[in-house]
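Below: one structure, written as structure tokens.
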Amino acid sequence: QAWHNPQIIPSSVIHSYKQVLKLKNWNESLMEMAKVKPYSNSSKYHKSLSMIQCPVWLLHGDDDKLVGFRESIALSQYFKYAFGPLKLENCGHIPHEEIPKEFVNLIKSIITEKLILFKQNKSS
């Protein structure tokens with residue numbers, strides 16, 4: 001469910017993700033994680049996000065079945081310097097695996113252009 005188009009993901013990558021299922025008691029760990037209060041409802045978590053002093057770019061696949069776009073919008077409100085969420089086309093939850101070229105180009109653009117503009121605007 002994490003990928004927009006699982007057919008384009010190399011079988012070796014999918015195989016690696018499935019390895020965790022072979023661990024002893026993996027299902028018990030999953031159940032324990034499910035019992036934990038969601039971070040999205042934690043004021044302590046939100047306060048810690050607001051203390052981050054660097055810019056944060058939120059990237060969101062347009063076919064992300066694990067995290068809704070509204071959740072990314074809500075999350076962005078807690079960062080002091082949030083940009084996005086930026087919707088990535090034809091992408092699920094794992095952009096660096098699904099659209100690696102586009103992902104690298106976007107990160108390159110953020111580093112070489114957008115981050116420089118952010119620094120210039122912050123210092124003026």
Side-chain angles (χ1 to χ4, degrees):
Q1 286 191 355
W3 297 288
H4 169 72
N5 182 0
Q7 288 76 25
I8 65 170
I9 305 301
S11 59
S12 60
V13 171
I14 294 173
H15 175 75
S16 295
Y17 277 98
K18 290 182 178 181
Q19 291 305 302
V20 72
L21 303 176
K22 296 178 182 177
L23 294 173
K24 183 179 179 184
N25 300 324
W26 76 269
N27 55 334
E28 292 176 26
S29 298
L30 186 61
M31 291 303 290
E32 287 300 314
M33 284 177 51
K35 292 179 190 176
V36 175
K37 182 179 179 182
Y39 69 86
S40 60
N41 294 332
S42 169
S43 61
K44 184 178 178 182
Y45 175 75
H46 293 148
K47 185 176 181 179
S48 67
L49 294 179
S50 68
M51 294 167 52
I52 295 173
Q53 294 297 309
C54 65
V56 175
W57 274 265
L58 289 98
L59 310 177
H60 192 100
D62 66 349
D63 191 29
D64 190 333
K65 297 173 186 82
L66 301 178
V67 177
F69 191 69
R70 287 183 184 170
E71 291 176 69
S72 288
I73 292 171
L75 181 65
S76 71
Q77 307 303 310
Y78 293 101
F79 292 101
K80 186 173 183 176
Y81 305 109
F83 298 90
L86 306 175
K87 266 195 184 175
L88 306 177
E89 291 185 22
N90 300 314
C91 187
H93 190 71
I94 312 172
H96 61 281
E97 291 177 358
E98 293 187 87
I99 53 168
K101 289 178 185 172
E102 295 89 340
F103 181 77
V104 168
N105 288 337
L106 179 57
I107 298 301
K108 181 180 177 184
S109 169
I110 288 170
I111 292 170
T112 61
E113 299 167 21
K114 294 176 173 58
L115 191 56
I116 290 170
L117 288 173
F118 171 81
K119 286 181 179 181
Q120 290 171 348
N121 290 336
K122 192 174 177 200
S123 62
S124 55

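Along the sequence shown, residues are numbered consecutively beginning with 1. Side chains are part of it too, since the values below use all heavy atoms of this structure and drop only hydrogens, waters and symmetry mates. Just so we're clear, the structure is a prediction, and the values are computed from it rather than from any experiment.
Note that the CG atom of Leu49 and the CD atom of Gln77 stand 12.0 Å from one another [nearest 0.5 Å]. Here the CD1 atom belonging to Ile52 is positioned 12.5 Å from the OH atom belonging to Tyr81, to the nearest 0.5 angstrom. Note: Leu75 CG to His46 NE2 = 7.0 Å, rounded to the nearest 0.5 Å. For the atom pair NE2 of His60 and CG of Leu86, the computed distance is 11.5 Å after rounding to the nearest 0.5 Å. With rounding to the nearest 0.5 Å, the separation of NZ in Lys87 from CZ in Phe69 is 5.0 Å. Distance check, rounded to the nearest 0.5 Å: CD1 of Ile99 to CD1 of Ile94 gives 12.0 Å.
In this structure a side-chain-to-backbone donor-acceptor pair under 3.5 Å is present from Trp26 to Leu21. Put simply, the side chain of Asp63 never gets that close to the backbone of Trp3: no donor and acceptor are under 3.5 Å apart. Proximity of a side-chain donor or acceptor of Glu98 to a complementary backbone N or O of Gly92 within less than 3.5 Å is detected. Formation of a donor-acceptor pair under 3.5 Å by the Ser16 side chain with backbone atoms of Ser12 is found in this model.
What you find for Pro55 and Leu115 is that their closest heavy atoms are CG-CD1, 3.5 Å. When every heavy atom of Thr112 is checked against every heavy atom of Ile116, the shortest pair comes out as O-CD1, 3.0 Å. Considering every non-hydrogen atom in both Ser72 and Val67, the closest pair reads OG-CG1, 4.1 Å.
One hydrophobic cluster, built from ILVMFWY side chains closer than 4.5 Å, holds both Tyr17 and Ile14. Connection of Val20 to Val13 is not established within any shared hydrophobic cluster, with ILVMFWY side chains joined at heavy-atom distances below 4.5 Å, either directly or through further cluster members.
Taking the six-membered ring where tryptophan is involved, the planes of Phe118 and Phe83 are perpendicular, since the angle between them exceeds 60° and thus also 30°.
No more than 12 heavy atoms of other residues, nucleotides or ligands sit less than 6.0 Å from atom CD of Glu89. Few gaps surround NZ on Lys65; more than 12 heavy atoms of other groups in view lie less than 6.0 Å from it.
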- request: Report the C-alpha distance between His15 and Ser11 in whole Å, list the side-chain angles of each, state the deciding distance to 0.1 Å, and finish with yes or no for side chain to side chain contact (heavy atoms under 4.5 Å, CB included).
  value: CA-CA 6 Å; His15 175 75; Ser11 59; 5.9 Å; no
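At a threshold of 4.5 Å between non-hydrogen side-chain atoms, the residues Pro85 and Ile73 count as touching. Residues Leu58 and Phe79 form a side-chain contact, since some pair of their non-hydrogen atoms from C-beta on lies under 4.5 Å apart. The side-chain heavy atoms of Leu106 and Glu102, taken from C-beta on, include no pair separated by under 4.5 Å.
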